[in-house]
Amino acid sequence: MYTAPSSPHDSTTAIPPLLERRRFATQAELQAVVWWQLLEPAHRLRVAQDMMVGQVLAGELVCRTGRAPTFWFGLLEGLLKMSNDGSQGQTITFSGLVPGGWFGEGTLLKREPYRYNVQALRNSVVAVLPIDTFHWLLDHSIAFNRYIMNQLNERLGQFIAAREVERLDSPNVRVARSLAALFNPILFPVGGDKMLRITQQELAYLVGLSRQRVNEALRVLSLHGAIRVGYGGLLVSDLELLRRGTFETA
DNA sequence: TCATTAAATTGTT
DNA sequence: AACAATTTAATGA
């Protein structure tokens, strides 16, 4: 299913048709949203009326640096990559995004343009909540405020961890930490599932390594018993080891 | 349900 | 980057 969309790093990719061909969220989709469950009935109703869902094809951008903030985004299905274009044209990947994750709250809070690109690594389903609804929730729901506060705090920790990884770590450890980040229960509350559907090619785009190198790293990680690799995905068997382990050699 | 074929993904150089 | 090997998905009897 993965036909390298010319290059997920291609900045000439057209503006997302996410705004077109989208529909309202179904009841099942709403109930799968963790923070929606925290709201009281009146607040749930407003969200149900305003939240929409759209399809994003592999390679397309969900949001783009410099664009005015319009939505808070949630990934329902698929795989996204959050990155930034450095001053010399290098692409810096901050984080991968797996289903259950919501992003853009920092930008919406400040009402400033997005500071990163979010690109679909495969066909994905994305939910959007209008910025006005987002602020209305902040004004009316304590539960929502608490959720956002938690999320901001957790994301801060994730960025700090990402910086450390970026500097001093071996490819093996980079892959390990990047994988571990996808299992953050606060940012990606996906029901404690240790199973991750991701191809080695997708993971390669995520961590910025070649597929070959990722393949080798996964081999080492599984030798250490941190993960089990399978066709089209992997299983995390020791999350703590994945987070803290040093996988220097095989 | 099974066999066949195409497509996707992995393993290796 | 290229290629072979393996796994999955799709198709039709």
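All chains are named by letter (A, B, ...) in the order of the sequence lines, taking the proteins before the strands, and each is independently numbered beginning at 1.
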Quick one: does any side-chain atom of [X] pair with a main-chain N or O of [Y] as donor and acceptor, under 3.5 Å?
X	Y	result
A/T199	A/G232	no
A/N84	A/Y116	no
A/N117	A/T65	yes

What protein N or O atoms touch nucleotides 6-10 of chain C N or O atoms at under 3.5 angstrom, if any, and at what distances?
| residue | atom | partner | partner atom | Å |
| --- | --- | --- | --- | --- |
| C/dT7 | O2 | A/Y231 | OH | 3.2 |

Measure the distance from [atom1] on [X] to [atom2] on [N] and round it to the nearest whole Å.
X	N	atom1	atom2	result
A/Q201	C/dA2	CD	P	14 Å
A/L121	B/dT9	CG	P	12 Å
A/I227	B/dT10	CD1	P	12 Å

Are A/R163 and A/E166 close enough for a salt bridge, meaning some N to O gap below 4.0 Å? no
Do NZ/NE/NH1/NH2 and the carboxylate oxygens of A/R155 and A/E105 come within less than 4.0 Å? yes
Check: protein-nucleotides 11-13 of chain B nitrogen or oxygen pairs below 3.5 Å:
| residue | atom | partner | partner atom | Å |
| --- | --- | --- | --- | --- |
| B/dG11 | OP2 | A/Q200 | NE2 | 3.0 |
| B/dG11 | OP2 | A/N215 | ND2 | 2.5 |
| B/dG11 | N7 | A/R211 | NH1 | 3.3 |
| B/dG11 | O6 | A/R211 | NH2 | 2.7 |

A/R44: what forms a side chain to side chain donor-acceptor pair (under 3.5 Å) with it, not counting sequence neighbours? none
Between A/W136, A/F144, A/Y147, which is the residue that forms a ring-ring contact (aromatic ring centres under 6.0 Å, His included) with A/H43? A/W136
List the atom pairs, with distances to 0.1 Å, where a side-chain N or O of residues 97-104 of chain A and a protein N or O form a donor-acceptor pair under 3.5 Å, not counting sequence neighbours.
none

Contacts under 3.5 Å, N or O only, protein and nucleotides 2-5 of chain B:
none

Considering residues, nucleotides and ligands other than A/E77, do more than 12 of their heavy atoms fall under 6.0 Å from its CD? no
Across all chains, not counting sequence neighbours, the salt bridge (Lys or Arg N to Asp or Glu O under 4.0 Å) partners of A/R46 are A/D50
